[in-house]
Colleague: 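Just passing along the structure, written as structure tokens.
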Amino acid sequence: MSSGARSPGDAFDSGTQDSGGVPALLDVSKPHSARVYDYYLGGKDNYEIDRATGERAAKSWPAVRTAVRENRAFLGRAVRFLVQEAGIRQFLDIGTGLPSGNNVHQIAQSLEPTSRVVYVDNDPIVLVHANALLTSRPEGKTSYIDADLRDPRGILDDPAVSGTLDFDEPIALMLVAILHFLTDDDDPRHIVSTLLEALPAGSYFTASHVTPEHDPDGVRGLESTYRAGGIPAQARDSATFTELAFAGLDVVDPGVTLVSEWRPDPGHSRPPAGQVNWYGGVARI
């Protein structure tokens with residue numbers, strides 16, 4: 001996500017770096033969090049400024065690629081829990097990022113084909129790839145809107161949200177790897193509460209957040225690098241993140257923990273905390 005909200009449905013010409021095209025209105029002189037994240041995951045939908053920013057940040061926090069992979073794996077396990085154990089069939093995924101393997105709808109619909117997903121992000125390159133996010137199984141449905149987390153009411157009021165999700169039935173709100181791009185000046189508690197208050201009883205909330213607790217110098221270096229590139233960033237410790245995201249909610253076991261430690265798959269080798277520096281949790285609303 002970035003700070004400049006646009007109207008849902010804004011259209012852009014397609015094109016990626018591989019073909020030499022650049023989507024109209026895409027400013028490739030500035031890095032974007034979604035594209036830097038894509039670079040860390042080994043994706044191709046990023047530009048020189050994103051790679052340069054990512055490399056500068058990695059000099060401060062060399063394990064950042066490990067952390068990003070662990071966060072992505074956490075997302076997959078959380079979705080599987082929500083579908084298989086919590087019975088969730090609807091997802092509102094804000095801060096979607098660029099499509100990669102095991103997107104929310106792919107995981108959810110592989111387990112329950114009727115699952116419905118709304119994706120939200122605000123980078124033109126993500127919008128270019130929205131068709132990949134909209135490839136739903138016929139029994140389910142996926143939608144994408146171009147909007148900013150800093151305008152939660154605008155997201156909730158978008159026709160694509162009400163046209164895809166039934167607010168009389170439980171919904172899983174996903175704010176994975178996005179809250180650390182909100183500074184305190186953005187009033188993140190208000191943003192989170194606005195979204196949660198709109199969800200029906202029995203809904204769930206999944207969130208993850210970078211922490212400086214286990215490698216303060218490395219994470220603070222990444223934070224300052226992002227800020228220098230114009231990307232708002234604010235790492236928070238686990239207590240602050242828990243209060244921001246899950247205050248008053250029924251957090252499911254094992255609670256708010258390192259993403260690598262949240263219901264890990266059997267046999268999965270887990271990196272030390274100093275390489276992960278990322279907390280996550282799932283709660284029932």
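Starting from 1, each residue takes its place in the sequence as its number.
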Colleague: Looking at residues at least two apart in the chain, or sitting in another chain, which of them share a side-chain contact (heavy atoms from CB on, under 4.5 Å) with A73?
Modeller: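 Counting only residues at least two positions away or on another chain, A73 forms a side-chain contact (heavy atoms from CB on, under 4.5 Å) with R77.
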Colleague: Is it true that a side-chain atom of N103 and a backbone atom of H105 form a donor plus acceptor pair closer than 3.5 Å?
Modeller: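 No; judged by distance alone, with no hydrogens or angles, the pair does not exist.
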Colleague: Answer whether the closest heavy-atom distance between the side chains of P254 and W262 falls below 4.5 Å.
Modeller: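 Of all side-chain heavy-atom pairs linking W262 with P254, at least one is under 4.5 Å.
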Colleague: Test your reading of the model: is there a side-chain donor-acceptor pair from S136 to the backbone of K141, 3.5 Å cut-off?
Modeller: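 Answer holds: yes.
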Colleague: Report the C-alpha distance between N71 and Y37 in whole Å, list the side-chain angles of each, state the deciding distance to 0.1 Å, and finish with yes or no for side-chain hydrogen bond (donor to acceptor under 3.5 Å, both in side chains).
Modeller: CA-CA 11 Å; N71 178 72; Y37 192 87; 2.9 Å; yes
Colleague: Listed by chain and number, what are the ring pair (Phe, Tyr, Trp, His ring centres under 6.0 Å) partners of Y39, not counting sequence neighbours?
Modeller: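 Testing Y39 for ring pair (Phe, Tyr, Trp, His ring centres under 6.0 Å), a comparison that skips the adjacent residues, returns none.
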Colleague: How far apart are the closest heavy atoms of P170 and Q90, and which atoms are they?
Modeller: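 In this case the closest contact between P170 and Q90 is O-NE2, 3.1 Å.
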Colleague: Going from OG1 on T114 to CD on Q109, what distance comes out if it is rounded to the nearest 0.5 angstrom?
Modeller: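 T114 OG1 to Q109 CD: 8.5 Å, rounded to 0.5 Å.
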Colleague: Any donor-acceptor pair under 3.5 Å linking the side chain of N277 with the backbone of G274?
Modeller: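 Answer holds: yes.
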Colleague: Does V276 offer a backbone N or O that forms a donor-acceptor pair with the side chain of E70 under 3.5 Å?
Modeller: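 It does not hold such a pair.
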Colleague: Using side chain to side chain donor-acceptor pair (under 3.5 Å) as the criterion, list what pairs up with D237, not counting sequence neighbours.
Modeller: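 Scan of D237 (side chain to side chain donor-acceptor pair (under 3.5 Å), adjacent residues dropped) gives T240.
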Colleague: L196 versus L249: any side-chain heavy-atom pair under 4.5 Å?
Modeller: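 Yes; the side chains approach each other to less than 4.5 Å.
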Colleague: Is a side-chain N or O of D158 found less than 3.5 angstrom from the main chain of I155, in a donor-acceptor match?
Modeller: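 It does not hold such a pair.
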Colleague: Under the 3.5 angstrom rule, does the side chain of Q275 hit a backbone N or O of T66 as a donor-acceptor pair?
Modeller: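 No, Q275 side chain to T66 backbone: no donor-acceptor pair under 3.5 Å.
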Colleague: Using modelled atom types and a 3.5 Å cut-off, is there a donor and acceptor pairing between side-chain atoms of R236 and backbone atoms of L179?
Modeller: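 Side chain of R236 to backbone of L179: a pair is present.
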Colleague: Supply the atom-to-atom distance I88 CD1 to M174 CE, rounded to the nearest 0.5 angstrom.
Modeller: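 CE of M174 is found 10.0 Å from CD1 of I88.
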Colleague: Please determine if R116 and E169 form a salt bridge, counting it only when a charged side-chain N lies under 4.0 Å from a carboxylate O.
Modeller: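 No salt bridge links R116 with E169.
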Colleague: Ring pair (Phe, Tyr, Trp, His ring centres under 6.0 Å) with F205: which residues, sequence neighbours excluded?
Modeller: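 Expected list: F246.
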Colleague: Between R263 (side chain only) and D253 (backbone N and O only), is there a donor and an acceptor less than 3.5 Å apart?
Modeller: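 A pair under 3.5 Å: yes.
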Colleague: To the nearest 0.5 Å, tell me how far S110 OG sits from N102 CG.
Modeller: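 If I round to the nearest 0.5 Å, the distance is 8.0 Å.
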Colleague: Which atom names give the shortest non-hydrogen contact between I231 and S33, and what distance separates them?
Modeller: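 Heavy atoms of I231 and S33 come nearest at CD1-N, 3.8 Å.
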Colleague: With sequence neighbours left out, what residues match D38 under side-chain contact (heavy atoms from CB on, under 4.5 Å)?
Modeller: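 Counting only residues at least two positions away or on another chain, D38 forms a side-chain contact (heavy atoms from CB on, under 4.5 Å) with D45, N46, L98.
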Colleague: Please check this pair: side chain of T96 against backbone of V120, looking for a donor-acceptor N/O pair closer than 3.5 Å.
Modeller: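 Yes, T96 side chain to V120 backbone: donor-acceptor pair under 3.5 Å.
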Colleague: For residues D184 and P188, report the shortest heavy-atom separation together with the two atoms involved.
Modeller: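 Distance-wise, the nearest heavy atoms are O-CD, 3.9 Å.
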Colleague: Flag the pair T211 / V219 as yes when at least one side-chain heavy-atom distance between them is below 4.5 Å, and no otherwise.
Modeller: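 No, too far: nothing below the 4.5 Å cut-off.
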Colleague: Hey, are the side chains of V252 and Y204 touching, using non-hydrogen atoms and a 4.5 Å cut-off?
Modeller: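 A side-chain contact exists here, since the closest heavy-atom pair is under 4.5 Å.
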Colleague: Please name the pair of heavy atoms, one in Y40 and one in A58, separated by the smallest distance, quoted to 0.1 Å.
Modeller: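 Y40 and A58 have their closest heavy atoms at OH-N, 3.9 Å.
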Colleague: Do V161 and F167 have side chains that get closer than 4.5 Å, going by heavy atoms?
Modeller: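 Contact flag for V161/F167 side chains = yes.
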Colleague: List for me each residue that meets ring pair (Phe, Tyr, Trp, His ring centres under 6.0 Å) alongside W278, sequence neighbours excluded, and say none if there are none.
Modeller: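 With neighbours one apart ignored, the set is H180.
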Colleague: For residues D186 and L149, determine if any side-chain heavy atom of one lies less than 4.5 Å from a side-chain heavy atom of the other.
Modeller: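 They are not in side-chain contact.
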Colleague: Shortest non-hydrogen contact from Q234 to L182?
Modeller: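 The answer is CB-O, 4.0 Å.
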Colleague: Heavy atoms, side chains only, cut-off 4.5 Å: are N122 and H32 in contact?
Modeller: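 Answer yes - side chains close enough.
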Colleague: Please determine if R189 and E197 form a salt bridge, counting it only when a charged side-chain N lies under 4.0 Å from a carboxylate O.
Modeller: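 No salt bridge links R189 with E197.
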Colleague: Quick check for you: to the nearest 0.5 Å, what is the distance between L165 atom CG and L199 atom CG?
Modeller: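 Separation between the atoms: 9.5 Å.
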Colleague: State the CG-CG distance between D121 and D146, to the nearest 0.5 angstrom.
Modeller: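 Answer for the CG-CG pair, D121 versus D146, is 8.0 Å.
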Colleague: Can you tell me how far OG1 of T53 sits from CD of E48, rounded to the nearest 0.5 angstrom?
Modeller: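 With rounding to 0.5 Å, CD (E48) is 9.0 Å from OG1 (T53).
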Colleague: Using a 4.5 Å cut-off on heavy atoms from C-beta on, say whether the side chain of V126 contacts that of Y119.
Modeller: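 When only atoms from C-beta onward are counted, V126 and Y119 do not touch, as no gap falls below 4.5 Å.
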Colleague: Looking at every heavy atom in both A67 and W61, which two are closest together, and how far apart are they?
Modeller: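 Nearest heavy atoms, A67 then W61: CB-CZ2, 3.5 Å.
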Colleague: Is any NZ, NE, NH1 or NH2 atom of the basic residue among D166 and R89 found under 4.0 Å from an Asp or Glu carboxylate oxygen of the other?
Modeller: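 Salt bridge flag = no for R89 with D166.
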Colleague: Pick from F74, Y279, F241: which one makes a ring pair (Phe, Tyr, Trp, His ring centres under 6.0 Å) with H209?
Modeller: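 Going through F74, Y279, F241 one by one, the ring pair (Phe, Tyr, Trp, His ring centres under 6.0 Å) with H209 is satisfied by F241 alone.
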